[in-house]
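First the structure, in the form of structure tokens, and then the observations on it.
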There are 2 protein chains.
Amino acid sequence: MKKKVSIHDIAKALHLSAATISFVLNGKADEKKISGDVRKKVLDYIKKVGYQPNMIAKSLRTGKSNIIGMLVEDIADPFFSGISRGIESIAYHHQYKIFFASTENDVEKTRTLIRAFRERQVDGYIIAPPPGVEEEIQALMDDNVPVILFDRYLPVLNTSSVIVDNYAGAYQAVKHLKENGYAHIAFITLQSEQTQMMARLQGYHKAMEDRDCTPLVARIPYELSHHDSAAQLVAAFIKANDHIDAIIFATNYLAINGLRAISSLGLTIPENIAVVGFDDNTHFNLFSPSITAVAQPIEEIAQEVVLQLLSALSDEKENKKRRTVTLPVKLVIRNSSFPKAKLEQIHTETSVMKNS
Amino acid sequence: MKKKVSIHDIAKALHLSAATISFVLNGKADEKKISGDVRKKVLDYIKKVGYQPNMIAKSLRTGKSNIIGMLVEDIADPFFSGISRGIESIAYHHQYKIFFASTENDVEKTRTLIRAFRERQVDGYIIAPPPGVEEEIQALMDDNVPVILFDRYLPVLNTSSVIVDNYAGAYQAVKHLKENGYAHIAFITLQSEQTQMMARLQGYHKAMEDRDCTPLVARIPYELSHHDSAAQLVAAFIKANDHIDAIIFATNYLAINGLRAISSLGLTIPENIAVVGFDDNTHFNLFSPSITAVAQPIEEIAQEVVLQLLSALSDEKENKKRRTVTLPVKLVIRNSSFPKAKLEQIHTETSVMKNS
DNA sequence: CTATTCTTGTTAATCGATTAAGTGACGGAC
DNA sequence: GTCCGTCACTTAATCGATTAACAAGAATAG
């Protein structure tokens with residue numbers, strides 16, 4: 001490492017005191033009545049030597065780090081990486097940097113991460129919490145550290161949070177399928193007590209009940225939902241309940257593995273079975289047939305989260321206010337059939353079929 | 001904020017000096033010959049009050065932050081979010097935290113981010129650099145700060161880097177298509193001078209040349225590659241060159257928009273046109289027909305990057321060594337035709353078609 | 001001409017750790 | 001009895017900023 005130039009080095013070089021440099025650098029020149037001469041000398045000099053303030057020293061003194069700690073379930077999940085991207089971008093414009101980390105829904109890892117964030121004095125937290133970290137989050141709030149939960153909340157805690165109307169999303173999904181003539185609609189979800197999962201399940205149940213339909217639910221362990229085994233479980237479920245003519249998947253990974261299952265069984269969508277996914281995936285419209293999905297407003301979630309956090313950071317009183325924002329979801333209906341024209345084309349060209 | 005307990009508070013409470021506490025906490029108890037009595041007293045006390053060291057103070061004193069700064073093009077891109085996830089996970093086990101940020105391939109933003117990282121004294125950098133930040137990166141190296149580039153490198157700089165064999169990937173893609181009877185293979189890439197893009201293009205050119213084929217290349221501006229306009233450009237390109245019977249897409253976003261274009265033209269894969277993508281996407285195998293792709297070894301890239309960085313961090317001498325690791329890519333061949341059986345099924349069931 | 005008020009800075013404490021150097025008490029050697 | 005070496009800690013400087021309190025000299029007031 002080269003010797004980095006500190007505020008004292010500047011002071012020495014200009015025959016001034018460190019305090020003066022600090023005042024100029026922090027826009028307190030007026031308040032502290034620093035002369036124009038000196039201001040210019042300081043500004044010119046720091047430009048010349050390329051002075052970079054040491055935020056660590058600043059943080060130690062002021063107690064503010066200008067860092068936000070963000071905990072998501074999995075940064076590689078398109079839903080979370082999309083939100084992260086939005087949050088990072090907005091926070092950046094407000095001089096905040098973000099620490100990202102993936103909890104993997106693991107309580108112990110989450111605890112460790114919160115502890116690591118605290119040690120680094122992050123100013124605020126954005127968390128998609130796994131159940132089991134209630135104590136740690138309560139401790140943060142007891143210390144007046146701003147915390148915003150998103151995607152889900154912790155029922156026993158009175159926190160600020162940004163969620164979506166999962167209940168309505170699931171309800172609409174059932175309604176949509178019913179209106180299109182599907183009779184036996186199953187719901188495949190995770191073995192999870194998380195609020196967003198419960199709300200989806202409840203929306204499904206209520207919609208089925210309102211139509212005097214018998215619900216049929218499969219619950220898959222979270223750990224398996226990202227892997228091939230989820231596809232196998234779904235396939236077994238479909239085989240065991242062959243009257244099913246539609247499935248709602250409660251997460252995007254489940255939907256993707258569900259599609260694998262459906263494909264492996266030689267079933268086609270929407271002729272043999274209809275599908276609605278949760279968490280719209282940009283790629284869903286490329287699947288052939290493309291998939292209808294309950295889309296969450298990624299951008300709005302990011303905006304709302306940052307908005308709430310900034311307000312809590314700006315003002316102790318704001319931070320004491322607890323607000324829960326519920327954003328609407330949108331059912332993105334995709335005409336997932338093969339258009340006639342296309343079908344015929346496929347048919348007529350079969351003779352010249354090649355592999356890519 | 002509640003009063004947090006500092007090392008001095010502990011010292012006062014136990015009638016010891018701050019130094020003693022520090023020694024016990026840092027495993028220097030033996031070296032400094034601290035008695036068993038005192039050790040126990042200290043350890044018990046910190047457990048009791050839940051002492052959390054202030055890493056900011058520690059960083060200020062030691063000059064080490066245990067933070068790695070990571071700059072990717074776009075954290076929402078599955079390729080980058082996958083690598084980020086891997087790197088975060090490995091780094092975590094070595095007590096390093098990661099600062100993520102998206103450059104959006106914007107030079108000015110990248111400069112600002114590097115500056116922000118420097119101000120926070122990050123210990124090392126992992127960067128997928130846009131061209132134009134050579135000076136900043138050289139400055140880091142001049143100051144002996146460890147830097148590892150990945151995905152691409154900067155030709156004028158002698159840095160450590162982890163890349164993949166893009167040249168071979170493109171070459172194999174052409175070879176594969178040729179062997180399957182495709183004659184007119186186009187290459188759609190970005191308007192970009194980045195090394196990974198150039199290597200892919202060169203691999204394509206060489207493979208075409210080796211087979212006495214005339215290359216046909218389209219270059220799309222990076223800014224458009226994520227949007228619908230890319231699909232329109234690709235569609236126009238295909239229409240203008242209707243003898244094309246195969247396309248290699250040089251990035252995953254291009255491939256996805258290319259598929260939209262192909263679909264919008266009413267063409268089918270692989271009957272009318274064959275497609276190979278770069279950057280395998282987990283979802284490519286769900287597209288119907290599924291897409292053959294040049295897959296990058298995400299996990300290995302993450303591992304190799306962290307390995308190199310940790311070694312550079314551990315030792316000044318290691319850091320002076322510059323090494324470039326080139327990992328192999330894998331052509332993931334997917335049988336992307338509609339199996340006969342399925343085609344017939346689609347055909348026979350058209351009569352009962354529904355929408356989902 | 002002295003007293004008071006501005007101007008324009010400076011001094012020094014502080015944030016919470018780390019660590020080189022120092023110190024008092026005790027034991028053993030000669 | 002003096003000298004020296006351990007033992008078991010303590011003192012104090014330091015990292016690079018911020019900021020309340022203070023101060024020297026010029027300007028103005030009375």
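Just so it is clear: chains get the letters A, B, ... in the order the sequence lines come, proteins before strands, and each one is counted from 1. Hydrogens, waters and symmetry mates play no part in the numbers below; they use all other heavy atoms, side chains included.
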Looking only at heavy atoms, which two atoms of [X] and [Y] are closest? And how far apart?
X      : Y      : result
A:F80  : A:D74  : CB-O, 3.5 Å
A:P146 : A:L309 : CB-CD1, 3.7 Å
B:V24  : B:I34  : CG2-CG2, 4.0 Å
A:P130 : A:T110 : CG-OG1, 3.4 Å

> Taking atom CD of A:E299 as the centre, does the number of heavy atoms from other residues, nucleotides or ligands within less than 6.0 Å exceed 12?
Replying inline: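 Result for CD/A:E299: open.
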
> Using a heavy-atom distance cut-off of less than 4.0 Å, which residues of residues 36-45 of chain A contact DNA chain C?
Replying inline: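 Heavy-atom cutoff 4.0 Å gives A:V38.
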
>> Considering every strand and a 4.0 Å limit on heavy-atom distances, what is the contact class for A:K58: base, sugar-phosphate, or nothing?
In response: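 A:K58: backbone/sugar contact only, no base atoms under 4.0 Å.
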
> How is A:S22 classified with respect to the nucleic acid when contacts are heavy atoms under 4.0 Å: base, sugar-phosphate, or nothing?
Replying inline: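 Since a base atom lies under 4.0 Å of A:S22, the category is base.
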
>> Using a strict threshold of under 4.0 Å (side-chain N to carboxylate O), is an ion pair present between B:E318 and B:R323?
In response: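 Judged by the 4.0 Å cut-off on N to carboxylate O distance, B:R323 and B:E318 do form a salt bridge.
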
>> Between B:R85 and B:E88, does any side-chain N to carboxylate O distance fall below 4.0 Å?
In response: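 Salt bridge flag = no for B:E88 with B:R85.
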
> Closer to the 5' end of DNA chain C via nearest nucleotide, is it B:N26 or A:E31?
Replying inline: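 With B:N26 and A:E31 compared, the 5'-side residue is A:E31.
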
> Do the rings of B:F99 and A:F99 sit parallel, tilted or perpendicular, given the 30° and 60° boundaries?
Replying inline: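 The arrangement is parallel - the two ring planes meet at less than 30°.
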
Using atom names, set out every protein N or O paired with an N or O of nucleotides 10-12 of chain D below 3.5 Å, distance rounded to 0.1 Å.
| from | atom 1 | to | atom 2 | distance (Å) |
| --- | --- | --- | --- | --- |
| D:dT10 | OP2 | B:S17 | N | 2.8 |
| D:dT10 | OP2 | B:S17 | OG | 2.9 |
| D:dT10 | OP2 | B:T20 | OG1 | 2.6 |

> Can you give the first and last nucleotides of DNA chain C, 5' to 3', that have an atom under 4.0 Å from a heavy atom of chain A?
Replying inline: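 First and last nucleotides in contact are C:dT7 to C:dG16.
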
> Does a donor on one side chain sit under 3.5 Å from an acceptor on the other, for A:T20 and A:S17?
Replying inline: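 A:T20 vs A:S17: donor-acceptor pair found between side chains.
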
>> So, taking the atom named OG1 in A:T159 and the one named CD1 in A:I137, what distance separates them when rounded to the nearest 0.5 Å?
In response: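 Nearest 0.5 Å value for the OG1-CD1 distance: 7.5 Å.
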
>> Quick check for you: to the nearest 0.5 Å, what is the distance between A:I56 atom CD1 and A:Q121 atom CD?
In response: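 Rounded to the nearest 0.5 Å, the CD1-CD separation comes out at 11.0 Å.
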
> Going by the side chain to side chain donor-acceptor pair (under 3.5 Å) test, which pairs reach into residues 37-46 of chain B, not counting sequence neighbours?
Replying inline: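 Every pair satisfying side chain to side chain donor-acceptor pair (under 3.5 Å) with a residue in residues 37-46 of chain B: B:D30-B:R39, B:K40-B:D44.
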
> Would you say a side-chain N or O of B:K33 is under 4.0 Å from OP1 or OP2 of D:dC9?
Replying inline: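 So the side chain of B:K33 is outside the cut-off, no N or O lying under 4.0 Å from OP1 or OP2 of D:dC9.
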
>> Under the rule for salt bridge (charged side-chain N to carboxylate O under 4.0 Å, His left out), what residues qualify as partners of B:R152, not counting sequence neighbours?
In response: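 Counting only residues at least two positions away or on another chain, B:R152 forms a salt bridge (charged side-chain N to carboxylate O under 4.0 Å, His left out) with B:E73.
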
> If an axis is fit to five pairs at each end of the helix from C:dC1-D:dG30 to C:dC30-D:dG1, what is the angle between the two, to the nearest 10°?
Replying inline: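 Axis angle across the helix from C:dC1-D:dG30 to C:dC30-D:dG1, nearest 10°: 70°.
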
